[in-house]
Amino acid sequence: MSMAAEGAASAAAGVAGKPAGPDPWLPRLGRIVSRRRDSRDAWTLEIREQIPQSASFRPGQFNMLTAFGIGEVPISLSGDPAAMDRLIHTIRPVGPVSTALAQMRPGAAIGLRGPFGSGWPLRQAVGGDVLVVAGGLGLAPLRPVLYALLAGRERYGRITLLYGSRSPDDVLFHREIVSWSRRQRIEVHVTVDHAASGWDGHVGVVTTLVPRAQCEPQRTVALVCGPEVMMRLTVAALHAHGIPHEAIYLSMERNMKCALGLCGRCQLQSVLVCRDGPVFRYDRVRGLFAHKEL
Amino acid sequence: MTGAKPAPAQFLARADLQRLLEALRARGYRVMGPVPRDGAVVFDEVRSVDELPRGLREAQEPGRYRLEPNGRDTVFDVVNGPGSLKPYVFAPREKLLQVEPEGRSFRAQELHPDAPKLAVIGVRACDLAALSVQDRIFLEGRYPDSYYAARRRQLFLVAVNCTRSASTCFCVSMATGPEATQGFDLALTEQEWGFLVRAGSALGREVQQALPLTPAPEAALARERTSLETCAATMQRKLETADLPEVLYRNLEHPRWHDVGSRCLSCGNCTMVCPTCFCHDEKDEPLLGEPDEAGVRSVRVREWDSCFNREHAQVYGLNYRPKIEDRYRQWLVHKLASWIDQFGTSGCVGCGRCITWCPVGIDLTEEMRALREPGA
């Protein structure tokens with residue numbers, strides 16, 4: 001219909017027409033290229049898009065993945081941002097959609113929208129030390145930043161990964177962690193909550209590793225992802241270690257349905273996690289940690 | 001307020017109101033207006049002015065709504081009912097996508113609504129303010145919602161200025177009423193012999209020209225001014241806004257949350273009648289049986305959700321707001337405080353619907369007063 005026929009009550013409000021480009025509601029099509037088990041209960045899918053995208057993602061961002069006919073869920077990108085022709089997602093099957101996604105075999109069709117959200121602050125980390133602290137599956141959204149840090153290794157000081165996992169069988173990306181550690185480009189400390197026979201590493205929660213981090217606290221950027229309680233305790237430990245709150249970044253989780261800032265499901269007080277996050281500088285969300293059940 | 005100053009008022013005789021409905025229908029509009037139904041006034045299609053709530057007014061109290069005769073020949077004396085403009089732009093339930101199998105893959109297709117031209121008569125200033133709040137959310141963010149936009153641009157809005165308020169109204173506190181000053185195509189003020197009419201848009205002027213109008217008498221304009229001022233001055237409920245949003249952020253652990261949480265049923269009525277609440281759920285619904293003619297096997301549906309639903313803050317294996325008091329706090333803090341941080345405007349327009357339609361009569365203006373008192 002023509003503009004002339006439109007009520008000015010709507011025209012005055014600056015009603016946008018159909019946005020240029022594809023509708024952000026519409027999933028793109030992709031196919032599973034490979035599927036591998038990366039821990040006791042996490043699978044990593046490699047996806048190739050039917051029409052490859054021209055832009056890469058920023059480490060820390062997520063996609064909305066659709067198992068057609070079942071549903072859509074937000075899943076972090078866990079692969080190398082430099083490898084643009086394949087998208088990597090690491091999934092733990094917990095609900096019907098993530099279970100369907102984690103079971104997808106090579107050749108299966110998958111829907112995707114994204115990438116969405118804020119990324120880890122790579123630029124702020126240049127010239128200083130980087131401390132990456134991951135709990136459980138929280139390592140998945142942090143792996144792209146480790147790839148990016150390694151790709152520009154000379155730009156950063158010491159890089160440390162502290163990783164806490166429930167048990168040895170839950171350790172994600174085991175071979176890669178060993179290889180990063182061996183080549184000593186990253187200092188790696190892994191701990192498990194509960195040891196099993198054959199485990200001769202550290203036992204305890206991830207915060208107990210913080211004093212081992214060889215970094216200069218005043219010139220360190222800390223990147224933290226894991227369950228909320230783990231992040232709360234980690235921030236306290238990092239702060240006690242001398243890392244200022246403004247240098248600590250977290251990736252928050254809430255129930256996202258649209259990823260477009262429209263559905264309101266990922267409200268976290270003054271922010272919408274999909275629109276303003278998921279990566280936040282700690283001092284922007286610190287008030288939220290002071291209250292339960294926000 | 002925004003926009004050009006409305007044109008000078010003209011006068012439409014009471015007997016000619018039907019001409020407005022016909023002028024809109026002649027331009028292809030389906031005309032909606034306030035009609036009494038099941039003991040309340042709701043928006044529905046009106047073909048004749050006889051369907052409007054003639055000689056009725058409503059009594060609203062927390063948890064109570066009754067229509068009663070007003071002993072006069074009015075049609076717009078009922079301030080509001082549970083319905084607002086919201087469902088006309090943000091559908092309570094709509095299909096976003098359909099998915100059909102295609103070889104070893106799928107085809108997903110948008111299902112943009114067939115949005116007919118819709119005129120709504122009897123829209124109040126608070127409803128217009130609420131629509132502009134929804135516009136900010138659905139149209140002015142990074143990802144404008146094409147489904148909302150398709151309906152929004154088809155609206156023709158006929159506002160009615162409020163010359164009386166319900167006991168639950170507090171639009172003066174929220175600076176949204178009682179006079180409609182923006183966002184309408186036509187605005188009416190009802191008086192004994194007819195209506196003062198102002199156009200707020202080019203299309204409004206076009207419709208105005210189709211009506212048998214006469215210049216508004218000075219006395220009628222003076223009476224209008226007095227009635228609007230009286231309506232504002234006699235509004236019973238008030239909400240202090242000067243210390244928002246901080247006063248709520250400071251009181252997140254106030255004992256009143258537990259108190260209101262013990263009264264709240266978590267039914268979600270307040271969010272359903274709220275003209276700005278926008279939370280929604282999305283889900284894929286598989287269609288059982290063989291593919292239909294189009295080969296459609298599932299649809300992605302979105303429908304109104306409420307932060308009072310348990311599932312709203314549920315992620316798998318964890319609920320961020322398990323208790324009713326958590327959810328009431330989320331609703332009120334969002335509505336009056338964090339909405340401002342998220343969208344640059346309050347989420348409350350002072351229409352009072354959440355007070356009237358709460359089955360246990362929880363009144364947010366009262367809750368705010370209690371939250372400002374030191375906790376016991």
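In what follows, every chain begins at residue 1, and chains take the letters A, B, ... in the order their sequences are listed. All values derive from a computational prediction rather than experimental measurement. Hydrogens, waters and symmetry mates play no part in the numbers below; they use all other heavy atoms, side chains included.
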Item to check | Options A:G95, A:C263, A:G107, ranked by heavy-atom pairs under 4.5 Å with chain B, top entry | outcome: A:C263
Next on the checklist: With heavy-atom distances below 4.5 Å as the criterion, would you say the side chains of A:F68 and B:S298 are in contact?
Outcome noted: no
Item to check | Residue B:D281 versus chain A: region with a heavy atom under 4.5 Å | outcome: both
Checklist entry - Where does B:Q109 contact chain A at under 4.5 Å (heavy atoms): side chain, backbone, both or neither? => result backbone
Checklist outcome for this item: Looking only at heavy atoms, the pair that brings B:S146 and A:D23 closest together is OG-OD2, 2.5 Å
Item to check | pair A:P27-B:R300: side-chain heavy atoms closer than 4.5 Å | outcome: yes
Checklist entry - Can you say whether A:E253 sits under 4.5 Å from chain B via the side chain, the backbone, both, or neither, judging by heavy atoms? => result both
Next on the checklist: If you compare all heavy atoms of B:Y143 against all heavy atoms of A:P24, which two are closest, and at what distance to 0.1 Å?
Outcome noted: CD2-CB, 3.8 Å
Checklist entry - Stepwise, does the side chain to side chain contact (heavy atoms under 4.5 Å, CB included) test hold for A:M256 with B:E282? => result CA-CA 10 Å; A:M256 297 179 211; B:E282 279 169 47; over 6 Å; no
Checklist entry - Counting heavy-atom pairs under 4.5 Å to chain B, which of A:T66, A:V73, A:L26, A:I110 comes out on top? => result A:L26
Item to check | Per-residue contacts, residues 268-280 of chain A versus chain B, heavy atoms under 4.5 Å | outcome: A:Q269, A:S270, A:V271, A:L272, A:R275
Checklist entry - Has A:R254 got its NZ or CZ under 6.0 Å from the middle of the six-membered ring of B:Y320, at an angle within 45 degrees of the ring axis? => result yes
Checklist entry - Can you say whether A:C258 sits under 4.5 Å from chain B via the side chain, the backbone, both, or neither, judging by heavy atoms? => result both
Checklist entry - In terms of heavy-atom proximity below 4.5 Å to chain A, should B:Y147 be classed as side chain, backbone, both, or neither? => result side chain
Item to check | CZ (A:R37) with more than 12 external heavy atoms under 6.0 Å | outcome: yes
Checklist entry - For the residue pair A:Q267 and B:C279, what are the closest heavy atoms and their distance? => result NE2-SG, 3.9 Å
Next on the checklist: For the interface with chain A, which of B:I137, B:V315, B:L252, B:D341 has the highest count of heavy-atom pairs at distances below 4.5 Å?
Outcome noted: B:L252
Next on the checklist: Quick check on the interface: out of B:K283, B:E285, B:R142, B:Q314, who has the most heavy-atom pairs with chain A under 4.5 Å?
Outcome noted: B:Q314
Item to check | Heavy-atom side-chain contact between B:K323 and A:K292 under 4.5 Å | outcome: no
Checklist entry - Quick one: what part of B:R302 sits under 4.5 Å from any heavy atom of chain A, side chain, backbone, both or neither? => result side chain
Checklist entry - B:R329 versus chain A, heavy atoms under 4.5 Å apart: side chain, backbone, both or neither? => result side chain
Checklist entry - Using non-hydrogen atoms only, which part of A:I70 is less than 4.5 Å away from chain B: side chain, backbone, both, or neither? => result backbone
Item to check | Under 3.5 Å donor-acceptor, B:R297 side chain and A:G69 backbone | outcome: no
Checklist entry - Should B:F138 and A:L262 count as side-chain neighbours, where that means a heavy-atom distance under 4.5 Å? => result yes
Next on the checklist: Taking side chain as everything from C-beta outward and backbone as N, CA, C, O, which of these in B:H312 sits under 4.5 Å from a heavy atom of chain A? Side chain, backbone, both or neither.
Outcome noted: both
Checklist entry - If you count heavy-atom pairs under 4.5 Å with chain A, which of B:D305, B:L96, B:L128 comes out on top? => result B:D305
Item to check | Part of B:S105 lying under 4.5 Å from any heavy atom of chain A | outcome: both
Next on the checklist: Using a 6.0 Å cut-off, check whether atom CZ of A:R86 has over 12 heavy atoms from anything other than its own residue.
Outcome noted: no
Next on the checklist: Using heavy-atom distances under 4.5 Å, tell me whether B:R107 contacts chain A through its side chain, its backbone, both, or neither.
Outcome noted: neither
Next on the checklist: For A:R166, is the CZ atom crowded, meaning more than 12 foreign heavy atoms sit under 6.0 Å from it?
Outcome noted: yes
Item to check | Residue, of B:C277, B:C307, B:P322, that accumulates the most heavy atom pairs under 4.5 Å with chain A | outcome: B:P322
Checklist entry - Taking atom CG of A:L294 and atom NE2 of B:H334, what is their separation to the nearest 0.5 Å? => result 13.0 Å
Next on the checklist: Please rank A:G111, A:G264, A:C266 by heavy-atom pairs under 4.5 Å with chain B and give me the top one.
Outcome noted: A:G264
Checklist entry - In Å and rounded to the nearest 0.5 Å, what is the CG to CD distance from B:L318 to A:E228? => result 8.0 Å
Item to check | Under 4.5 Å from any heavy atom of chain A - which part of B:Q330 | outcome: side chain
